[in-house]
Amino acid sequence: MTEIFDTIICGGSLAGSAAAVTLARQGRSVLVLDKAEFPRTKLCGGLLTWKTVRLLDHLFGETPQTLGEQGIVKYVSDRYAIRSLTSTLAEGTVSYPFHLTDRAELDNRLLHHARQAGAHVREGEEAIRCNPESGEVFLKDGRVVRGKYVIGADGAHSTVRASFPEVNLRAMRRFTAATIEVKIPAAALPEPVDRPILYIGFLDAGYGWVFPNGDKLLVGICGLRRKDTHFAKLFRTYLNVLRVDPAALTHQRGHPLPYGSFLHDPVHANALLAGDAGGYVEPLFGEGIFYALCTGMYAGRAVAHALGNDTAPGPEYLRNLHRTILPELNGSNTLRWVLFRAMKLFGCGAISRFVNLGAGPLGDMVHGKRSYHWLKRKDWGF
Ligand SMILES: Cc1cc2nc3c(=O)[nH]c(=O)nc-3n(C[C@H](O)[C@H](O)[C@H](O)COP(=O)(O)OP(=O)(O)OC[C@H]3O[C@@H](n4cnc5c(N)ncnc54)[C@H](O)[C@@H]3O)c2cc1C
């Protein structure tokens, strides 16, 4: 027998939990499906900006203090550095600290909030197909569940998105970055790392990072795929330049990162896409945590409103995306191409001059106090 809910949410990570708490708190029946069992490993730098911290408080009542007490915030720093593989290009402080988290634990905690809000959460259940017209979601074990609406919060490889006939998957793939990341003991690097560090200039459209994370470091690279780029080889060179102790390298993994592939119309029939499934990642620094939470919240709100008023959720969802999210992603996308082009023409010194000239406002832009659209003051409305 097909089980029926107001909404099925595929994916119980950030976007899924944000949508689930929003809907469940309004008394809607919600089923969250995730193919993984939580806490599960999630490849991510785990860096939270000011706007993310505010949104986590708004949606889940979690603050840096509560997250710290649970061991989810692993490191806090208001400093940063941008380096080439040979020299420091810019370094300084920002007006609000970066919070570096353990993603496995963060996701687990937010899913717990979804459950507490009243959502039905089923782990280890994989959706293999979705029918956006009927709201049916087909599970790997042969069962079928149905929602009046379906929210695809199932990440970069979204199964829900695959059922949208108008989405150009080839175009999305073109602007999906490859990433590789390792978690190593902090002592595996010859010098202590006391701030997030970005490494630029060795990838055509991408960068590397070293983020402190408690007694560990997260070391990774991401970049758009080019015919002549061999990522695994590049990563080895990068680790050699950083002088990472090879004995510390155990498990090296990769995951796709939407990097300029965001959709302008992530709605089809009774299904909506949020988070990585819609490509909502800021395309210069690859910030996706905030955008997953925010689009999940918007999708949840739009569906709750539609259920209460017998209307379609699409228009409200698109209005919010176009009002607050897409101007940021478009602005960041333009800036990224200007910076990558400048770097190609004039070398890394161009980035050094750019960052050092506008350090304060640029830091506020990364945090979300200012917009990627002409550095205007940003009002997120939460
Ligand atoms: C290497 C790397 C580093 C990053 N670093 C940062 C960072 O420091 N800061 C930042 O802000 N962003 C970062 N990001 C981006 C950020 O991790 C993502 O944007 C964010 O996780 C997106 O959240 P989501 O909820 O949309 O999807 P995800 O977190 O990818 O979750 C999708 C969920 O859906 C489930 N799922 C998938 N398919 C199915 C299915 N068929 N059926 C059921 N369940 C399914 C998965 O198990 C998963 O739990 C990074 C990304 C990568 C790859």
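Both ligands and their constituent atoms are indexed starting at 1 by order of listing.
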Number the atoms of ligand 1 from 1 as they appear, then name those within less than 4.0 Å of a heavy atom of Gly275, with their elements. 26 (O)
Against ligand 1, does Arg103 come closer than 4.0 Å with any heavy atom? yes
For the side chain of Ser87 and the backbone of Arg83, is there at least one donor-acceptor N/O pair under 3.5 Å apart? no
Among non-hydrogen protein atoms, atom 44 (N) of ligand 1 lies closest to Lys35 N, 3.0 Å
Looking at Gly71, is its backbone amide N or carbonyl O close enough to the side chain of Lys74 to form a donor-acceptor pair, meaning the two atoms are under 3.5 Å apart? yes
Less than 3.5 Å between some nitrogen or oxygen of Ile289 and one of ligand 1, yes or no? yes
Among all protein heavy atoms, pick the one closest to atom 31 (O) of ligand 1 and tell me residue, atom and distance. Ser13 CB, 3.0 Å
Region of Phe211 that comes within reach of ligand 1 [heavy atoms, distance under 4.0 Å]: side chain
Classify the contact between Thr159 and ligand 1 as side chain, backbone, both or neither, using a heavy-atom distance cut-off of under 4.0 Å. side chain
Have a look at Leu14 and tell me which of Asp107, Asp276, Thr52 forms a side-chain contact (heavy atoms from CB on, under 4.5 Å) with it. Asp107
For the aromatic rings, using the six-membered ring if either is Trp, is the centroid distance between Phe290 and Trp380 under 6.0 Å? yes
If we count only N and O atoms by modelled type, under 3.5 Å, do the side chains of Gln65 and Thr63 hold a donor and an acceptor together? no
Would Thr7 and Lys148 count as a side chain to side chain donor-acceptor pair (under 3.5 Å) here? Give the steps. CA-CA 6 Å; Thr7 311; Lys148 191 155 184 199; over 6 Å; no
Can you name the atoms of ligand 1, numbered from 1 with element, that are less than 4.0 Å from a heavy atom of Ala127? 40 (C), 41 (N), 42 (N), 43 (C)
Min heavy-atom dist Tyr291 to ligand 1 below 4.0 Å: no
Heavy-atom distances under 4.0 Å are what count here, so tell me which part of Trp209 touches ligand 1: side chain, backbone, both or neither. side chain
Geometric cation-pi criterion, Arg336 with Tyr259: 6.0 Å, 45°: yes
For ligand 1, indicate whether the residue Asp34 contacts it via side chain, backbone, both or neither (heavy-atom separation under 4.0 Å). both
Nearest non-hydrogen protein atom to atom 1 (C) of ligand 1, with distance, is Thr179 OG1, 3.5 Å
Hydrogens and angles aside, do Thr2 and Arg143 bring a side-chain donor and acceptor to less than 3.5 Å of each other? no
Please identify which of these residues, Val137, Val160, Ile151, meets the side-chain contact (heavy atoms from CB on, under 4.5 Å) condition with Ile8. Val137
Is the shortest distance from a heavy atom of Gly220 to ligand 1 less than 4.0 Å? no
Backbone, side chain, both or neither: what part of Ala15 comes under 4.0 angstrom of ligand 1, heavy atoms only? both
Nearest protein heavy-atom contact for atom 30 (O) of ligand 1: which residue, which atom, what distance? Lys42 CE, 3.7 Å
Go through the side-chain N and O atoms of Glu287 and Thr49 and say whether any donor and acceptor fall under 3.5 Å apart. yes
Are the ring centres of Tyr199 and Tyr238 closer than 6.0 Å? yes
Going by heavy-atom distance to atom 14 (N) of ligand 1, choose the closest among Gly278, Ala36, Cys44, Ala19. Cys44
Under 4.0 Å from a heavy atom of Gly286: give me the atoms of ligand 1 that qualify, with their elements. 12 (N), 13 (C), 14 (N), 15 (C)
Ring centroid separation for Tyr80 and Phe98, is it under 6.0 angstrom? no
Judging by distance only, is a nitrogen or oxygen of Phe38 under 3.5 angstrom from one on ligand 1? no
Does Arg40 approach ligand 1 within less than 4.0 angstrom via side chain, backbone, both or neither, non-hydrogen atoms only? side chain
Applying a 4.0 Å heavy-atom criterion (strictly less than), which segment of Asp154 is in contact with ligand 1: side chain, backbone, both, or neither? both
Can you find a non-hydrogen atom of Ala153 under 4.0 Å from ligand 1? yes
Please list, in number order, the atoms of ligand 1 under 4.0 Å from a heavy atom of Gly155. 27 (O), 30 (O), 32 (C)
